[in-house]
A.B. asks: 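Okay, handing you the structure first.
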Amino acid sequence: MALTTAGTAACAKCKFFDSEQSADLGLCRYNPPISQPSGDTAGVWPKVEANDWCGHFEAVAA
Ligand code: SF4
């Protein structure tokens, strides 16, 4: 069974995509940063490609 979001959802079109790195690679800001094993290291957000997507996709408002 094909997912209904396949072909329509994409990180590049999601309001949680932070594309500061490049047009094709960005950060997903849906969740807070992920803690690192060392307590004095800054947390990170997941890197995602523009054509990735997940079930939390929300389109950027027009
Ligand atoms: S991983 Fe999901 S929530 Fe994050 S930018 Fe992509 S579609 Fe949006």
Side-chain angles (χ1 to χ4, degrees):
M1 180 175 85
L3 296 171
T4 56
T5 46
T8 58
C11 293
K13 299 185 285 186
C14 178
K15 70 180 188 179
F16 300 110
F17 184 62
D18 181 349
S19 62
E20 286 185 10
Q21 298 190 339
S22 76
D24 297 327
L25 183 67
L27 303 176
C28 174
R29 301 279 191 181
Y30 181 82
N31 287 306
I34 300 166
S35 298
Q36 300 301 294
S38 173
D40 56 356
T41 305
V44 296
W45 283 268
K47 286 184 180 177
V48 292
E49 294 186 1
N51 61 357
D52 283 336
W53 64 277
C54 83
H56 296 299
F57 170 79
E58 285 188 44
V60 174

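Atom set for the values below is all heavy atoms of this structure, side chains included, hydrogens, waters and symmetry mates excluded. Remember, it's 1-based here, ligands and their atoms both numbered in the order they're listed. In this text the structure is predicted, and so the values were computed from the model without any measurement.
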A.B. asks: First locate atom CD of Glu49, then atom OG of Ser22, and finally report the distance between them rounded to the nearest 0.5 Å.
C.D. replies: 9.0 Å
A.B. asks: Under the 3.5 angstrom rule, does the side chain of Trp45 hit a backbone N or O of Asn31 as a donor-acceptor pair?
C.D. replies: yes
A.B. asks: Check for a donor-acceptor pair, side chain of Lys13 on one end and backbone N or O of Glu58 on the other, with a separation under 3.5 Å.
C.D. replies: no
A.B. asks: Do the rings of His56 and Tyr30 sit parallel, tilted or perpendicular, given the 30° and 60° boundaries?
C.D. replies: parallel
A.B. asks: What count do you get for protein N, O or S atoms closer to atom 2 (Fe) of ligand 1 than 2.8 Å?
C.D. replies: 1
A.B. asks: Hey, are the side chains of Lys47 and Leu27 touching, using non-hydrogen atoms and a 4.5 Å cut-off?
C.D. replies: yes
A.B. asks: State the CZ-NZ distance between Phe57 and Lys15, to the nearest 0.5 angstrom.
C.D. replies: 10.5 Å
